[in-house]
S.K.: 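Starting off with a structure, shown below.
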2 protein chains.
Amino acid sequence: MVKRTSFEGDSCPIARSLDALGDWWSLLIIREALFGLRRFGEFQSKLGMAKNILAARLRSLVDHGILATAPASDGSAYQEYALTPKGRGTFPILVALRQWSEEFDDRPEEIATILVDREKGRPVKKLEMHAEDGRLLSPADTTLKPRPARPRRSA
Amino acid sequence: MVKRTSFEGDSCPIARSLDALGDWWSLLIIREALFGLRRFGEFQSKLGMAKNILAARLRSLVDHGILATAPASDGSAYQEYALTPKGRGTFPILVALRQWSEEFDDRPEEIATILVDREKGRPVKKLEMHAEDGRLLSPADTTLKPRPARPRRSA
DNA sequence: TTGTGTGGTTGCATCATAAAACCAAATGGC
DNA sequence: GCCATTTGGTTTTATGATGCAACCACACAA
């Protein structure tokens with residue numbers, strides 16, 4: 001088995017995230033889900049992807065607790081895929097990806113949409129990193145520490 | 001050609017970002033680069049990945065303007081790979097991925113490190129989205145607008 | 001019950017990935 | 001200067017993932 005190198009057991013949280021949503025389609029599916037898409041056919045026609053990999057991705061996202069299948073909702077006894085809180089929690093990731101593209105893309109004129117504050121219609125500010133006390137932090141102001149052992153009995 | 005479905009021409013900025021760094025290794029390479037790694041061998045031994053795909057990824061990242069090859073720096077006439085500003089600009093993406101894992105991972109006890117404010121040693125705050133005027137925004141407070149045509153002559 | 005649309009699964013061709021072998025240039029010891 | 005070793009890759013080969021198309025099952029409608 002050559003196995004696509006799963007990062008599931010890795011101790012790096014970034015690797016662990018990538019294990020769940022680090023493939024070509026998962027984040028785009030989540031992006032559509034955040035816009036309200038729920039049905040297999042909706043995802044398929046909107047993203048234009050092959051149905052078998054859509055099925056595989058949906059299954060994987062459900063397995064990872066990012067999507068949940070709801071029995072129905074709009075009459076038709078079909079299934080639908082709704083984001084869980086964990087799934088909605090990916091929003092900052094999508095915003096970060098979007099802002100990176102907006103800032104650094106070589107052909108920004110090809111970008112069709114911008115994310116705006118609904119109330120004012122103005123672009124949202126760049127994501128910022130702050131300390132607990134509110135100080136603005138740059139990458140150089142941060143460092144990694146070993147995770148402190150939680151005071152709970154070692155599971 | 002079945003081609004890995006490139007998102008290069010896509011108008012969605014998220015898709016465009018994923019086209020550059022949406023594979024299994026690129027973000028991990030960038031993560032190591034942010035920690036100061038620069039040499040081929042350093043990446044290879046730290047990430048434990050096959051050398052051929054490391055070479056392919058480094059080439060791709062250089063092509064995308066995320067890394068740049070510098071002729072030397074530490075005496076040895078070898079090459080090294082340094083982050084460009086565009087590469088350093090991915091930092092919020094990595095932070096978002098990390099925080100998502102810290103918040104939602106099913107086995108958080110396996111996460112080895114936490115990102116802290118260097119000065120105080122305390123964990124950094126969660127990334128927040130703000131409006132231009134500073135109001136804290138939730139996903140529901142935002143919406144997408146078509147990109148306004150820039151007033152510069154069409155390049 | 002025959003049709004049609006939705007929601008998939010199955011087969012097959014092609015591509016990407018991974019591991020290991022191989023290789024050339026740069027370095028280091030002497 | 002000469003040989004061994006390290007560095008920084010490329011090539012080879014096997015296998016898994018992707019993409020397309022065809023097929024299929026079920027719901028629903030007439």
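Proteins get letters first, then strands, A, B, ... in listed order; numbering begins at 1 in each.
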S.K.: Is B/S60 reaching over with its side chain to a backbone N or O of B/A56, donor-acceptor style, under 3.5 angstrom?
M.R.: no
S.K.: Can you tell me if A/Q44 touches the phosphate of C/dG8, counting only side-chain N or O atoms and a distance under 4.0 Å to OP1 or OP2?
M.R.: no
S.K.: Sequence neighbours excluded, which residues qualify as side-chain contact (heavy atoms from CB on, under 4.5 Å) partners of A/A50?
M.R.: A/N52, A/I53
S.K.: Could you list the residues that satisfy salt bridge (charged side-chain N to carboxylate O under 4.0 Å, His left out) with A/K120, not counting sequence neighbours?
M.R.: B/D133
S.K.: Where do N or O atoms of nucleotides 9-11 of chain C meet protein N or O atoms at under 3.5 Å, pair by pair?
M.R.:
residue	atom	partner	partner atom	Å
C/dT9	OP2	A/R59	NH2	2.9
C/dG11	O6	A/N52	ND2	3.3

S.K.: Would you kindly give the CG-to-C1' distance between B/L47 and C/dT17, to the nearest whole Å?
M.R.: 15 Å
S.K.: State whether B/W24 places a side-chain N or O below 4.0 Å from either non-bridging phosphate oxygen (OP1 or OP2) of C/dA16.
M.R.: no
S.K.: Over how many whole Å does the gap from B/M49 atom CE to D/dG8 atom P extend?
M.R.: 15 Å
S.K.: Quick one: B/I53 CD1 to D/dT13 C1', roughly how many Å, whole number?
M.R.: 15 Å
S.K.: Please give, in whole Å, the distance from D/dG9 P to B/L58 CG?
M.R.: 7 Å
S.K.: What is the distance, rounded to the nearest whole Å, between atom CD of A/E42 and atom C1' of C/dG8?
M.R.: 16 Å
S.K.: Can you tell me the distance, in whole Å, between the CG atom of A/L28 and the P atom of D/dG19?
M.R.: 11 Å
S.K.: Heavy atoms only, 4.0 Å cut-off, all strands: where does A/Y81 land among base, sugar-phosphate and nothing?
M.R.: sugar-phosphate
S.K.: Could you give all pairs that pass the salt bridge (charged side-chain N to carboxylate O under 4.0 Å, His left out) test and reach residues 57-67 of chain B, with sequence neighbours left out?
M.R.: B/D23-B/R57
S.K.: A/E103: which residues meet the side-chain contact (heavy atoms from CB on, under 4.5 Å) condition with it, sequence neighbours left out?
M.R.: A/K126
S.K.: Counting only pairs under 3.5 Å, give me each side-chain donor-acceptor contact of residues 82-91 of chain B, with atom names and distances, residues two or more places apart or in other chains.
M.R.:
residue	atom	partner	partner atom	Å
B/T84	OG1	B/G65	O	2.6
B/T84	OG1	B/I66	O	3.1
B/T84	OG1	B/K86	N	3.3
B/T84	OG1	B/G87	N	3.1
B/K86	NZ	B/H64	O	3.0
B/R88	NH1	B/L83	O	3.1
B/T90	OG1	B/G87	O	2.7

S.K.: Taking salt bridge (charged side-chain N to carboxylate O under 4.0 Å, His left out) as the definition, give me every residue that meets it alongside A/E128, ordered by chain and number, with sequence neighbours left out.
M.R.: none
S.K.: Taking only the side-chain nitrogens and oxygens of A/R39, find out if one of them lies under 4.0 Å from OP1 or OP2 of C/dT6.
M.R.: no
S.K.: In this structure, how many angstroms lie between the P atom of C/dG7 and the CG atom of A/L67, rounded?
M.R.: 15 Å
S.K.: What is the distance from atom CZ of A/R98 to atom CZ of A/R31, rounded to the nearest 0.5 Å?
M.R.: 7.0 Å
S.K.: Taking ILVMFWY side chains as joined if any heavy atoms are under 4.5 angstrom apart, and letting links pass through other members, which residues group with B/V116?
M.R.: B/I114
S.K.: Produce the list of close N/O pairs, under 3.5 Å, pairing protein atoms with atoms of nucleotides 24-26 of chain C; give distances to one decimal.
M.R.:
residue	atom	partner	partner atom	Å
C/dA26	O4'	B/Y78	OH	3.4

S.K.: Mind calculating the distance between CD (B/E80) and C1' (D/dT7) to the nearest angstrom?
M.R.: 14 Å
